[in-house]
Number of protein chains: 2
Amino acid sequence: MAEVETPSDAGQVDTPLAEFIGYAMKRALSIVQADLSRVLGGFGLRAVSFSALSIVVAQPGLTQTQLADALQIERSNLVTILDELSGRGLIIRAPVAQDRRRHALMATAEGQTLAQAAQTAVKTHERALFSCLTPEEQHELKRLLTKFRGQAGA
Amino acid sequence: MAEVETPSDAGQVDTPLAEFIGYAMKRALSIVQADLSRVLGGFGLRAVSFSALSIVVAQPGLTQTQLADALQIERSNLVTILDELSGRGLIIRAPVAQDRRRHALMATAEGQTLAQAAQTAVKTHERALFSCLTPEEQHELKRLLTKFRGQAGA
DNA sequence: TATTGTTATACTCTATAACTATA
DNA sequence: TATAGTTATAGAGTATAACAATA
């Protein structure tokens with residue numbers, strides 16, 4: 001069997017995947033998620049509970065099914081997340097008079113305050129993280145991602 | 001307790017998260033991943049095994065540690081992936097004469113052929129998926145993601 | 001009959017520690 | 001002692017089916 005020389009430059013070894021937007025997206029996201037977890041950890045929140053809480057604050061009265069749809073997660077998996085938020089007194093599941101199957105989700109005052117603080121912190125840290133891009137580039141990146149989601153995700 | 005009206009427009013309910021690039025990235029990626037899984041399923045590959053095979057084809061002689069680093073996954077988790085590729089005769093773990101602890105990863109002829117075909121298919125489907133963006137926008141999106149990773153991921 | 005929230009469960013992904021064989 | 005590959009395992013995250021209460 002022939003001798004083999006192992007490449008020494010492992011840093012640029014993923015070249016064949018460099019042409020795929022999906023791959024670039026995945027690698028970029030993992031950097032953002034690491035930063036996000038760190039920041040939200042200070043508030044006792046995970047990314048998904050932060051998202052859930054933020055939406056409940058913005059759209060009080062949402063039902064669990066609506067929230068699960070908004071987050072694109074399964075209703076069953078949302079239960080644990082809401083138990084967590086509710087257990088900390090950040091949200092309540094209010095009864096809906098017209099339909100007793102549904103829960104209207106509402107943030108408590110404490111939940112609103114925490115959501116506000118966490119959003120500010122995330123915004124600050126995202127700004128720092130993306131400071132290697134110009135403000136125009138940051139805006140364009142978000143615009144392109146959002147446009148793509150709007151068109152391709154239909 | 002006051003009556004509650006539940007919002008009827010659940011589609012735009014994630015507004016408070018719309019300002020975060022990370023959130024836009026996550027939602028965009030999940031669309032790409034769904035498409036990718038579908039395409040790669042036809043080749044009996046998952047995203048991670050496709051990535052691994054592609055890199056081995058491009059960089060023959062890589063060791064497992066180098067490949068794990070390139071893919072940013074744990075060495076331990078790479079083992080199963082390589083067992084899978086090796087079991088299908090797509091790659092081999094060749095012995096390295098200078099260091100008998102290491103395995104030099106090499107794609108077989110069949111592995112090279114499959115990688116080539118899968119890459120073409122992924123490229124085609126990614127092009128179709130991103131057709132809602134102009135070629136300039138697609139290029140810019142990839143450039144921004146790559147620049148971000150290069151700068152922020154250091 | 002259908003829907004809402006819930007439980008249970010299984011399956012994938014990821015992370016960590018410890019082992020072996022080599023260096 | 002340290003490194004490469006491996007094993008085992010635990011913890012997330014995610015997906016599916018089925019149930020009780022209600023419509």
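Protein chains get the first letters and strands the later ones, always in sequence-line order, with residue 1 at the start of each.
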Atom-to-atom span, [atom1] of [X] to [atom2] of [N] - whole angstrom:
X: B:Leu62; N: D:dA4; atom1: CG; atom2: C1'; answer: 14 Å
X: A:Ile73; N: C:dG5; atom1: CD1; atom2: C1'; answer: 13 Å
X: A:Leu78; N: D:dT16; atom1: CG; atom2: P; answer: 17 Å
X: B:Leu71; N: C:dT14; atom1: CG; atom2: P; answer: 11 Å
X: B:Glu84; N: C:dT12; atom1: CD; atom2: P; answer: 11 Å
X: A:Asp69; N: C:dT3; atom1: CG; atom2: P; answer: 13 Å
X: A:Arg101; N: D:dT22; atom1: CZ; atom2: P; answer: 10 Å
X: A:Arg75; N: D:dA17; atom1: CZ; atom2: P; answer: 12 Å

Give the nucleotide from the list [options] with an atom nearest to the side chain of [X].
X: B:Asn77; options: C:dT22, C:dT14, D:dA21; answer: C:dT14
X: B:Gln64; options: D:dG5, D:dT3, C:dT6; answer: D:dG5
X: A:His103; options: C:dT6, C:dA21, D:dG5; answer: C:dT6

B:Leu129 versus B:Cys132, closest heavy-atom pair with distance: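 Answer, listing the atom of B:Leu129 first, then B:Cys132: O-SG, 4.0 Å.
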Name the residue closer to the 5' end of DNA chain D, choosing between B:Leu82 and A:Asp99 according to the nucleotide with the nearest heavy atom.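 Upstream on the strand: B:Leu82.
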Starting at the 5' end of DNA chain D and moving along, which residue's nearest nucleotide shows up first, A:Ser76 or B:Arg93?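 Residue closer to the 5' terminus by nearest nucleotide: B:Arg93.
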If the cut-off is 4.0 Å, is B:Arg46 near the phosphate of C:dC13, judged by side-chain N/O to OP1 or OP2?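 For C:dC13, OP1/OP2 do have a side-chain N/O of B:Arg46 under 4.0 Å.
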Counting only side-chain nitrogens and oxygens, does A:Thr65 get under 4.0 Å of the OP1 or OP2 atom of C:dG5?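 A:Thr65 to C:dG5 OP1/OP2: side-chain N or O found under 4.0 Å.
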Do B:Arg93 and B:Gln64 have side-chain atoms, one donor and one acceptor, less than 3.5 Å apart?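 The criterion, which ignores hydrogens and geometry beyond distance, is satisfied for B:Gln64 and B:Arg93.
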Please check if the number of heavy atoms outside A:Arg127 that lie under 6.0 Å from its CZ is greater than 12.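 Not more than 12 within 6.0 Å, no.
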Qualifying residue, where the test is side chain to side chain contact (heavy atoms under 4.5 Å, CB included) with B:Asp83 and the options are B:Leu85, B:Ile81, B:Val79: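 Filter result, single survivor: B:Val79.
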Hey, does the side chain of B:Glu137 reach the backbone of B:Thr134 with a donor-acceptor pair shorter than 3.5 angstrom?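 Side chain of B:Glu137 to backbone of B:Thr134: a pair is present.
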